[in-house]
Structures are given as C-alpha cells and as structure tokens.
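These numbers come from the heavy atoms of this one structure, side chains and all, not from hydrogens, waters or symmetry mates. Positions are given from 1 along the sequence.
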Amino acid sequence: MPNASNQQTQTKKRARIVQNGLPTNELVLSAHVGGNEDVFPQILSLYVPKLSLIADVTYGEGVFWREVPKDQYRILGTDIRTGVDCRDLPYEDGEIDCVVLDPPYMHSPGGTAHQSQSAFEAYYRNNGTGNNTASKYHEAVLELYVAAGVEAYRVLRDRGVFIVKCQDEVCSNRQRFTHVEIMESYSKLGFVPEDLFVVVRSNRPGVSRTVRQVHARKNHSYFLVFWKRGDSRGTWEPPE
C-alpha cells in the first residue's frame, strides 16, 4: 500500500499534465545564444499569424528571414538604401499586420567597435544633425526610433504587431538603457509592450581602443514586441 508521501508525489506529477499543452522542450524561450535569424522565426510563431502582411522597413540583407519559409508570410522588404525611409512609408493607414524595425542602434564617433553600423549611419547621420535628425549621438538614435515608431503606428492595423531590434549602449561615458527608453517612448505613442527576447552573441564583440574600461561591454541585444492598442481593449491574444 503506497504511503502518504508517494501519493503526494503522484498527485503533483498528474497536476503538471495539461491537456493539449505543449511539451516543455518545444517552448519558445526568452533568452538565446546565437544569431538574429535563429530567434526571429520563433517570435513570428508566437505573435504573427501565417500569411500576415509584414513590412520589414529596414530589410537590409534580409538576415532575419533566412530561416523563415518564403511561403509563410507576405513580406514587404524595404530599406533606406533603396529609397524607402522607415520614417515615411508608402503604405496606407492601418494596412499592415506587422512592422519589423532594425535601425542603426549605436553611433560610432571614430571608434572601431561598431564598424558594421557605419554604412547605415552614413544615411541616417547619427553622428551629426541633418537628414531629418535634429539631435546628435545617442539622442539621434532615439529620435530615429521614435519617428519610425510614429510611422509604424500609422500603417499598422489595430492590434497589429511591432517587432523592434535594439541594443543598449554607453554614450559619453553614460550608460543608456536603450530598450527601456524605447519602451517608454512607444507606450506614449499607444503601443503596448508585450514581450522581450535577449540575443547573446556567440562570438566576442569588437572592442574600441580605450584607456580604462568603465562599463561592461555589451554582448547582447533585444527584440522587443509591441502591439497597437488603437481602439481595442483587453490583453494580448495569441494568433490562431
């Protein structure tokens, strides 16, 4: 005859079983070691229904989409290098189901750590004023995110999804938690922050020449997921 302890253990095991639930080894996790192309499809699987109309407004080389089957979504891939500015999109109000944004998220004032961002900075001019950017350095980065967020809000349908890539940075020896600043700014626009994914680099990040290290060198970035509240109310409902 089983003792009370064994009966309690069996009860706990039965309580963990959920009918129609997902096995734990297939769940989407919040932190990943790897590349953007590994994480991005998992975000889509959680938040964007198949065949949705998605505007990737900083498409670049299409890295995010490398592991996404081409027939799963209707993708509008644009980029400032091809003449479409994420702050001035050629779409109608409420036309888009999902917007993806990955602008340059650090300035590179003569350093060597962020050379991969320099081509985009030449267009957006984050190291100086001009080209529709009134601020400099980190404030110019935020200004770009906010302006792109205003335009994303316009073209998204109500309850449409906004996926944003960003990274914190140290600017002028000051720690800037960019992902927090973006969340605060977008909440004021009418977006609801719904999720956050951390992407940790599997290789060593580049390092600028420096006399003395003051802050930890960033080796992780974020995908932030928002949805447009619009006239809708209530909480987020996952796609069917």
Side-chain angles (χ1 to χ4, degrees), residues 28 30-31 36 39-40 42-44 46-49 52-60 64 76 78-80 84-89 91-107 117 120 124 126 132-169 171 174-199 218 220-239:
V28 175
S30 61
N36 296 323
V39 182
F40 187 69
Q42 298 187 52
I43 299 173
L44 293 178
L46 279 181
Y47 289 103
V48 186
S52 291
L53 183 61
I54 303 178
D56 186 337
V57 299
T58 45
Y59 187 81
F64 289 179
L76 303 173
T78 60
D79 198 286
I80 196 168
V84 179
D85 194 324
C86 61
R87 300 165 291 188
D88 185 18
L89 299 173
Y91 310 126
E92 299 295 327
D93 295 0
E95 180 182 0
I96 306 298
D97 297 313
C98 173
V99 172
V100 179
L101 176 68
D102 179 29
Y105 38 74
M106 341 186 137
H107 68 87
Q117 291 280 330
F120 259 137
Y124 288 114
N126 284 352
N132 214 18
T133 303
S135 304
K136 292 184 178 182
Y137 309 127
H138 181 78
E139 302 308 325
V141 174
L142 281 181
E143 185 178 319
L144 175 57
Y145 270 101
V146 172
V150 170
E151 187 68 346
Y153 192 89
R154 179 185 70 80
V155 303
L156 278 170
R157 61 172 175 79
D158 283 1
R159 303 189 74 85
V161 176
F162 191 20
I163 303 173
V164 180
K165 186 74 194 304
C166 69
Q167 183 171 342
D168 299 337
E169 70 168 340
C171 179
R174 179 186 171 194
Q175 184 79 259
R176 304 300 298 263
F177 294 107
T178 312
H179 75 284
V180 176
E181 294 175 296
I182 291 172
M183 284 184 173
E184 291 175 344
S185 297
Y186 284 178
S187 294
K188 294 175 182 177
L189 295 179
F191 285 109
V192 179
E194 188 63 31
D195 216 334
L196 177 151
F197 297 79
V198 180
V199 184
K218 303 293 184 293
H220 71 282
S221 55
Y222 303 94
F223 278 104
L224 309 179
V225 180
F226 304 84
W227 57 278
K228 177 180 173 178
R229 183 181 296 280
D231 295 329
S232 61
R233 292 293 181 265
T235 58
W236 172 254
E237 296 177 3

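Put simply, the side chain of Thr178 gets close to the backbone of Gln167: a donor and an acceptor are under 3.5 Å apart. Using a distance-only test at 3.5 Å, with no hydrogens or angles considered, a donor-acceptor pair links the side chain of Tyr186 to the main chain of Tyr145. Remark: side-chain polar atoms of Lys228 are not paired, donor with acceptor, to backbone N or O of Gly160 under 3.5 angstrom. Side-chain N or O atoms of Asp97 include none that pairs as donor or acceptor with a backbone N or O of Ile54 at under 3.5 Å. Looking only at distances, no side-chain donor or acceptor of Asp102 sits under 3.5 Å from a matching main-chain atom of Thr58.
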Kindly determine whether Leu142 and Ser185 satisfy side chain to side chain contact (heavy atoms under 4.5 Å, CB included), including the steps that lead there.
-> CA-CA 9 Å; Leu142 281 181; Ser185 297; 5.6 Å; no

Using the side chain to side chain contact (heavy atoms under 4.5 Å, CB included) rule, take Val141 and Cys166 through it: C-alpha gap first, then chi angles, then the decisive distance, then the call.
-> CA-CA 10 Å; Val141 174; Cys166 69; over 6 Å; no

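Phe162 and Phe191 have tilted rings, their planes meeting at an angle from 30° to 60° on a 0 to 90° scale.
Considering CG of Asp56 and OG1 of Thr78, their distance stands at 7.0 Å, rounded to 0.5 Å. In this structure, the separation between CD1 on Ile163 and CZ on Phe226 is 11.0 Å, given to the nearest 0.5 Å. The line from CE of Met183 to OG of Ser187 is 8.0 Å long, rounded to the nearest 0.5 Å. Note: Phe197 CZ to Phe223 CZ = 9.5 Å, rounded to the nearest 0.5 Å. Atom-to-atom distance recorded for Leu101:CG and Glu151:CD is 11.5 Å, nearest 0.5 angstrom.
Scanning both residues, Gly149 and Leu189, for their nearest heavy atoms gives C-CD1, 3.8 Å. For the pair Glu95 and Leu53, the tightest heavy-atom approach, listed with the atom from each and the gap, is O-CD2, 3.6 Å. The minimum heavy-atom distance between Leu89 and Arg154, with the atom names listed, is O-NH2, 3.1 Å. Heavy atoms only, all atoms of each residue included: Asn36 and Lys165 are closest at OD1-NZ, 2.7 Å. Counting all heavy atoms, side chain and backbone alike, Asp79 lies closest to Gly60 at OD2-N, 2.8 Å. Scanning both residues, Ala55 and Tyr91, for their nearest heavy atoms gives CB-CE1, 3.8 Å.
Evaluated for a side-chain contact (heavy atoms from CB on, under 4.5 Å) with Tyr222, the options Ile182, Val164, Leu196 yield exactly one hit, Leu196.
Side-chain atoms of Leu76 and Ile96, non-hydrogen and from C-beta on, do get closer than 4.5 Å to each other. Taking 4.5 Å as the limit, some side-chain heavy atom of Val57 sits within range of a side-chain heavy atom of Val99. Within the 4.5 Å cutoff, the side chain of Ile80 has no heavy atoms near those of the Pro103 side chain.
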